[in-house]
Amino acid sequence: MHTTPLSIGGLETVYDTLASAIDQAGPDKSELLLVKLALLQAQALGNEAQFQQLVEAALQDL
Amino acid sequence: MHSPSTEPRPSLYYPYEVFQPWLASAHPAQDRKKVVVVGAGPAGMVTALELARHGVPSVVLAAELQLSQGSRAICFTRRSMEILQQVGVAERMTEGGLPWRFGNSYYRGQRVYRLEAPHDPDDRFFPIINVQQQYLEEYLHDACKQQPLIDLRWGNKLTQVTQEEGHARLEVDTPEGPYTLESDWVVAADGGRSGIRAALNLQMEGASYEGFFVIADIRIDLPFPTERLAFFDPEWNPGNTILMHREPHGIWRVDYQLPPGETPEEALRPESLKARIDAQLAMIGHAGLAWEMDWSSVYSARTLTLPDFVHGSVIFTGDAAHLLPIFGVRGANTAFQDAQSLGWHLAMVAKGLSGPEFLANHSRERVGAAREIITEAGKSTRFMAPPSRGFRLLRDAVLSLSLTQEFVRPLYHWRTSRPHEYSHSALNCRDDDNALFTSGPAHGAPPQNVRLAEDDFLLDHLGGGFDLLVFTSGDLPEALQAVVTAARQQGLPLRVTAVGATRPVAGADQHLPDADGRVRARYGLSAEDAAQSGAYLLRPDQHICARWLRLDAPRLQAALATALPH
């Protein structure tokens, strides 16, 4: 799916960035933040079938 | 005994006339009717007018003694105007109407989306025109009165319908008491709360959305152009949507969603209406501007249709057949297409030109249209009034993103009603040249209008039966003329128009010079095709059922046999 996977370091940066953004948004707005983020990423991905696969992966083991 | 009100309905702008009831005692005994239309709203009257154009008489039953209360349907699409032109009321609609083509969506005081509906110079009518429904009904009623084949009976309320072998028996109550009427066919055009649908115990399929919307018409002088205004999640009504439309006669429609849990009764209390309308006016910068209430009502969004419109001798049409959300102006605009389709299908059956099973084609086509509309309307409805937490989150995320992100803004598009294309209709010719065309209206599509001259358009010249457009400058071949003559002798209404002819030509009822080749080009034909008898066959509802690069007699014969099976 990805041509260049994130490095361990890159993944750690994403981890921290996302956690900080959720904290910054606060409990009332974190869902909204995450949905906005998902839409922005879907647009960047430019592929609704791949997005569907990502949604299915995220739905596992909740 | 049926006692409809004889008090004119209140209105700030429309003078209601109270009509005299039709009383059986003042008329001779009645034979069995061909068609009884139950309901004198837009769907019922357009059906009756279309039937009459094809020579089929009908009785129209109107329970009340006056036109309907309040403005109700106010936005009429181009295709609706083309249909209304066919029944003779488009000019009056145009005279009093407010045409428009722009829509604006606002969020947090910013215009986040502007829709510009295209207006092709070849179109006679605007994408949408605003007219209050009472005026539309008045124009249709006047047209019905001038039509001797229509017997419109005010104050006649259907109380019971019984299906008999090959016909129906109707019990009708009037201010002097009941009478019985028999009819080969009954058109149930009795609206969204159809009593006939309930009596036959028919279930609709689809979804009902939670939540209510208030529709309020107010008289106010607002300095805004005729454009659709939509406001999302305003401070005075968090999470909800408000729509505004300009109507003629100084009236504005304000349409707002209610908070969850509020009942329609609470929402329609005068103090509740006043507080919300004042809040909306304040938000658009006109706090304290004087206004008067004309009419208010409550609705909920539903996307429901009967899976079959024909039940024995009863045929459902308009809101009686389906309930569609008003986002995208789909109620009356769908009803006109239903009524136009029903009018010609039923006329062919009533005149014996096709068997009763021909009505199944009408049902298939219009149920297909309803399902397509439901799919589209469902998308708009899920955005305007999110049905669940997930849909609300996504809608809110889009609102938030739309302030800075261009890519989400098209999601504000509310998908205005458009005519269904009967692409897979059984009436489409199977061995014509449809697939060889690269442009022009295809199988099942509505016609393309073309401007011929100042105030003169192609569709002005078509309708009322099948139309054969032959692109030719000379006489039609004799064999082709013979097919036309034979079809007419069997009763098939067929008009032949020679397009590209500067003088009358043998075999054509009329000719259009098409000097600049514009009709030919819009219909996807090259000059060479036109020289070889390119042609289109339009059904009585003007949708295309066959088209040829090369027309000849056997091919026309085949297309006519497919379009009107015996």
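Order of the sequence lines sets the chain letters (A, B, ...), proteins ahead of strands, with each chain counted from 1. Atom set for the values below is all heavy atoms of this structure, side chains included, hydrogens, waters and symmetry mates excluded.
Other residues, nucleotides and ligands contribute more than 12 heavy atoms inside 6.0 Å of the CD atom of B/Glu271. When the shell of 6.0 Å around CD of B/Glu116 is examined, it contains more than 12 heavy atoms from other residues, nucleotides or ligands. Within 6.0 Å of atom CZ in B/Arg114, more than 12 heavy atoms from other residues, nucleotides or ligands are found, so the atom counts as buried in its surroundings. Within a 6.0 Å sphere centred on OH of A/Tyr15, other residues, nucleotides and ligands contribute 12 heavy atoms or fewer. Summarising the local packing, CD of A/Glu48 is surrounded by 12 or fewer heavy atoms from other residues, nucleotides or ligands at distances under 6.0 Å. Annotation for A/Ile8: atom CD1 does not count as buried by contact number, only 12 or fewer foreign heavy atoms lying within 6.0 Å. Residue B/His119 qualifies as enclosed at atom NE2: its count of foreign heavy atoms under 6.0 Å is above 12.
The minimum heavy-atom distance linking B/Phe407 with A/Leu39 is given by the pair CZ-O, 3.7 Å.
Residues of residues 387-404 of chain B having a heavy atom under 4.5 Å from any heavy atom of chain A, listed by number: B/Arg389, B/Leu393, B/Leu394, B/Asp396, B/Ala397, B/Val398, B/Ser400, B/Leu401.
For a residue to count as touching a neighbouring chain, one of its non-hydrogen atoms must lie under 4.5 Å from one of that chain's; by this rule A/Leu34 does not touch chain B.
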